[in-house]
Peer 1: 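Pasting a structure below so you can have a look.
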Amino acid sequence: MYAQQLTSASGPAGVQLAEIDEPDGTGRVVVDLHAAGVAFPDLLQTTGSYQIVRDMPFVLGLEGAGVVRSAPADSGIRAGQRVAVLATDGAWQQTVAVEPDSVFPLPDSVSLEAGAGFLLNYLTVHFALDERARYRAGETVLVHGAAGGVGVAALQVAAALGLETIAVVSTEEKAGIAKANRADHVVFVDGWKDRVRDLTDGRGVDIILDPVGGDRFTDSLRSLAPNGRLVVLGFTGGEIPTVKANRLLLRNISVLGAGWGEYVRTHPGYTGRQWAALSPLLESGALQITEPTVYSFEHAGDALRTLETRSATGKIALSVRPS
């Protein structure tokens with residue numbers, strides 16, 4: 001089968017198409033993938049910047065979607081079923097073999113392309129809002145980088161949970177994307193803090209989801225309501241900010257990290273509990289997944305470059321084989 005492997009830590013240029021053996025499916029669920037998600041951790045891995053370093057060459061990608069070829073009899077999964085998967089051994093390949101608890105049945109309303117790219121972002125955002133921020137009904141959530149993959153997921157999950165959202169974006173095009181993904185309010189990066197103050201009558205927001213980091217971090221702290229929570233999801237802006245602890249005392253605010261991957265590694269069964277909460281919302285249509293921008297398998301490097309240049313909007317996916 002064909003796969004996209006990282007052969008050198010030289011950025012997207014280090015990704016090469018290769019022919020490799022199919023994985024051993026003994027005791028695992030074998031899935032023929034139709035599409036695979038492209039995520040920021042994939043880009044970090046191409047430069048050796050990710051917290052988990054693997055020996056090269058290795059198959060990139062952490063998520064995908066396709067059709068089950070075979071499954072253990074006691075797994076609750078059947079051949080022919082449409083599923084999304086988490087594939088820690090790499091999803092940028094035509095066939096994967098994964099443990100049953102890494103397989104998530106897709107409703108017919110979700111395409112394989114959309115299903116390929118939603119697990120990482122949507123489960124991360126649900127973790128940030130539910131497990132870390134402990135959201136409450138009626139709260140307001142501000143989302144930085146709201147037109148990116150994580151940002152779009154944040155808007156959609158918050159909407160499904162009945163939370164009011166404020167999207168922060170940098171361009172008119174990205175404002176349109178945020179609105180299309182159910183943002184209640186959209187503000188631009190320039191002057192965003194003052195605009196948020198006006199929208200909340202000076203109170204501030206209850207939760208801020210920040211996958212960007214950088215120089216807006218301090219203004220985010222100033223934009224929290226009393227008892228507000230700033231949840232750090234990443235640093236796509238490049239700069240890792242710091243916080244002066246005295247700022248946390250002024251309004252009893254909190255800064256929280258949301259490392260979903262590490263939490264999953266240390267809490268077996270957690271993704272299953274997440275799926276039990278999100279699957280009914282997906283089935284009912286309360287939780288919506290937008291179609292990604294799809295690149296051909298041969299152009300995986302180009303897909304990564306859109307993340308590198310921060311020109312990507314929404315989710316990016318690779319077409320592994322025709323759906």
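Heavy-atom basis, side chains included; hydrogens, waters and symmetry copies ignored. The first residue in the sequence is number 1, and the count goes up from there. Just so we're clear, the structure is a prediction, and the values are computed from it rather than from any experiment.
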Peer 1: Would you indicate whether the side-chain heavy atoms of Leu129 and Leu161 approach each other to under 4.5 Å?
Peer 2: yes
Peer 1: Spell out, yes or no, whether Val152 and Ile208 are grouped together once hydrophobic residues are joined by side-chain heavy atoms under 4.5 Å, including indirect joins.
Peer 2: no
Peer 1: Could you walk me through whether Glu308 and Arg305 satisfy the salt bridge (charged side-chain N to carboxylate O under 4.0 Å, His left out) test, starting with their C-alpha distance in whole Å, then the side-chain angles of each, then the deciding distance to 0.1 Å, before giving a yes or no?
Peer 2: CA-CA 5 Å; Glu308 185 178 44; Arg305 288 184 189 95; 5.1 Å; no
Peer 1: Would a distance-only check, ignoring hydrogens and angles, find a side-chain to backbone donor-acceptor pair under 3.5 Å from Arg132 to Gly257?
Peer 2: yes
Peer 1: Let's go through His126 and Glu131 carefully: what are the C-alpha distance in whole Å and the side-chain angles of both, what is the deciding distance for side chain to side chain donor-acceptor pair (under 3.5 Å) to 0.1 Å, and is it a yes or a no?
Peer 2: CA-CA 8 Å; His126 176 263; Glu131 185 70 26; over 6 Å; no
Peer 1: Is it the case that the side chain of Gln94 and the backbone of Tyr2 share a donor-acceptor pair, with hydrogens and angles ignored and the cut-off at 3.5 Å?
Peer 2: yes
Peer 1: For the backbone of Ile177 and the side chain of Asn181, can you confirm whether one donor and one acceptor N or O come within less than 3.5 Å of each other?
Peer 2: yes
Peer 1: Which heavy atom of Leu209 sits nearest to which heavy atom of Ala154, and what is that distance?
Peer 2: CD1-CB, 3.8 Å
Peer 1: Let me check something: do Ile253 and Leu250 share a hydrophobic cluster, defined by ILVMFWY side-chain heavy atoms less than 4.5 Å apart, either directly or through other members?
Peer 2: no
Peer 1: Step by step, would you call Thr165 with Thr140 a side-chain contact (heavy atoms from CB on, under 4.5 Å)?
Peer 2: CA-CA 6 Å; Thr165 54; Thr140 300; over 6 Å; no
Peer 1: Could you tell me if the side chain of Phe217 sits less than 4.5 Å from the side chain of Val232, heavy atoms only?
Peer 2: yes
Peer 1: If hydrophobic clusters are built by linking Ile, Leu, Val, Met, Phe, Trp and Tyr wherever their side-chain heavy atoms come under 4.5 Å apart, do Leu43 and Val294 end up in the same one?
Peer 2: no
Peer 1: Can you label the angle between the His144 ring and the Trp192 ring as parallel, tilted or perpendicular, going by 30° and 60°?
Peer 2: perpendicular
Peer 1: How close do Ser223 and Asp219 get, counting heavy atoms only, and between which atoms?
Peer 2: OG-O, 2.8 Å
Peer 1: Within the structure provided, determine whether Tyr135 and Asp130 are in side-chain contact (heavy-atom separation under 4.5 Å).
Peer 2: yes
Peer 1: Just by distance, with hydrogens left out, do Ser111 and Glu291 show a side-chain donor and acceptor under 3.5 Å apart?
Peer 2: yes
Peer 1: When you compare the side chain of Phe127 with that of Gln274, does any pair of heavy atoms fall below 4.5 Å?
Peer 2: yes
Peer 1: Return the CG to CZ distance between Leu221 and Arg251, rounded to the nearest 0.5 Å.
Peer 2: 11.0 Å
Peer 1: Do Val30 and Ile77 sit in the same hydrophobic cluster, where Ile, Leu, Val, Met, Phe, Trp and Tyr count as joined when their side-chain heavy atoms come under 4.5 Å apart?
Peer 2: no
Peer 1: About how many Å separate CG of Leu6 and CG of Asp55, when rounded to the nearest 0.5 Å?
Peer 2: 11.5 Å
Peer 1: Check for a donor-acceptor pair, side chain of Trp275 on one end and backbone N or O of Tyr270 on the other, with a separation under 3.5 Å.
Peer 2: no
Peer 1: Going by atom type alone, with no hydrogens or angles, which donor-acceptor pairs under 3.5 Å involve a side-chain atom of residues 115-125 and a protein atom two or more places apart or on another chain?
Peer 2:
| residue | atom | partner | partner atom | Å |
| --- | --- | --- | --- | --- |
| Asn121 | ND2 | Gly149 | O | 3.3 |
| Tyr122 | OH | Gln288 | O | 2.9 |
| Thr124 | OG1 | Leu120 | O | 2.6 |

Peer 1: Give me the atom names and distance for the closest heavy-atom approach of Pro107 to Leu282.
Peer 2: CD-CD2, 3.8 Å
Peer 1: When you look at Thr293 and Ile316, which way does the side-chain contact (heavy atoms from CB on, under 4.5 Å) test go after all the steps?
Peer 2: CA-CA 5 Å; Thr293 300; Ile316 307 295; 3.9 Å; yes
Peer 1: Show your working on side-chain contact (heavy atoms from CB on, under 4.5 Å) between Leu307 and Val38 and close with a plain yes or no.
Peer 2: CA-CA 9 Å; Leu307 298 180; Val38 180; 3.8 Å; yes
Peer 1: With no hydrogens and no angle check, is any side-chain donor or acceptor of Ser279 less than 3.5 Å from a backbone partner on Ala276?
Peer 2: no
Peer 1: Quick one: pull up CG in Leu224 and CG in Asn252 and give me the separation to the nearest 0.5 Å.
Peer 2: 11.5 Å
Peer 1: Given the rule in the salt bridge (charged side-chain N to carboxylate O under 4.0 Å, His left out) test, do Glu113 and Lys315 qualify, once you have shown the distances and angles that lead to the verdict?
Peer 2: CA-CA 10 Å; Glu113 289 77 15; Lys315 185 66 181 182; over 6 Å; no
Peer 1: Between Asp89 and Arg28, does at least one N-O distance fall below 4.0 Å, as a salt bridge requires?
Peer 2: yes
Peer 1: Do you know which two heavy atoms are closest between Leu155 and Ala167, and how far apart they sit?
Peer 2: CD2-CB, 4.2 Å
Peer 1: Tell me, do Trp92 and Gln5 make a side-chain contact under 4.5 Å, heavy atoms counted?
Peer 2: no
Peer 1: Applying the side chain to side chain contact (heavy atoms under 4.5 Å, CB included) criterion to Val187, which one of Val169, Asp198, Asp194, Val168 satisfies it?
Peer 2: Val168
Peer 1: Quick check: closest heavy atoms across Ala36 and Val320, and the distance to 0.1 Å?
Peer 2: N-CG2, 3.9 Å
Peer 1: Of all heavy-atom pairs between Ala65 and Leu106, which one has the smallest distance, and what is that distance?
Peer 2: CB-CD1, 4.2 Å
Peer 1: Listed by chain and number, what are the ring-ring contact (aromatic ring centres under 6.0 Å, His included) partners of His299, not counting sequence neighbours?
Peer 2: none
Peer 1: Look at the side chain of Thr171 and the backbone N and O of Lys174, then say whether any donor-acceptor pair between them is shorter than 3.5 Å.
Peer 2: yes
Peer 1: So Val31 and Arg69, side-chain contact (heavy atoms from CB on, under 4.5 Å) or not? Walk me through it.
Peer 2: CA-CA 5 Å; Val31 180; Arg69 182 195 298 182; over 6 Å; no
Peer 1: Check whether any side-chain heavy atom of Phe40 lies under 4.5 Å from a side-chain heavy atom of Pro211, and answer yes or no.
Peer 2: no
Peer 1: Has Arg197 got a side-chain atom pairing as donor or acceptor with Lys193's backbone, closer than 3.5 angstrom?
Peer 2: no
Peer 1: Enter the distance from Gln4:CD to Leu304:CG here, rounded to the nearest 0.5 Å.
Peer 2: 9.0 Å
Peer 1: Going hydrophobic residue to hydrophobic residue with side-chain gaps under 4.5 angstrom, can you get from Trp260 over to Phe104?
Peer 2: yes
Peer 1: With rounding to the nearest 0.5 angstrom, report the OG to CG distance, Ser319 to Leu112.
Peer 2: 10.0 Å
Peer 1: Quick one: does Ser75's side chain have a donor or acceptor within less than 3.5 Å of a partner on Ala71's backbone?
Peer 2: no
Peer 1: Please say whether more than 12 non-hydrogen atoms of neighbouring residues, nucleotides or ligands are located less than 6.0 Å from CG in Asn246.
Peer 2: yes
Peer 1: Side-chain contact test, heavy atoms from C-beta onward, threshold under 4.5 Å: evaluate it for Thr46 versus Val15 and give yes or no.
Peer 2: yes
Peer 1: Please round to the nearest 0.5 Å and tell me the distance separating atom CD of Glu22 and atom OG1 of Thr95.
Peer 2: 4.5 Å
Peer 1: Which residue pairs satisfy the salt bridge (charged side-chain N to carboxylate O under 4.0 Å, His left out) criterion with at least one member in residues 138-160, sequence neighbours excluded?
Peer 2: Arg136-Glu139, Glu139-Arg229
Peer 1: So, do Ile52 and Arg265 sit near enough that their side-chain heavy atoms are less than 4.5 Å apart?
Peer 2: yes
Peer 1: Counting distance only, does the side-chain N/O of Thr7 pair as donor-acceptor with the main-chain N or O of Gly14 below 3.5 Å?
Peer 2: yes
Peer 1: Quick one: does any side-chain atom of Arg54 pair with a main-chain N or O of Val59 as donor and acceptor, under 3.5 Å?
Peer 2: yes
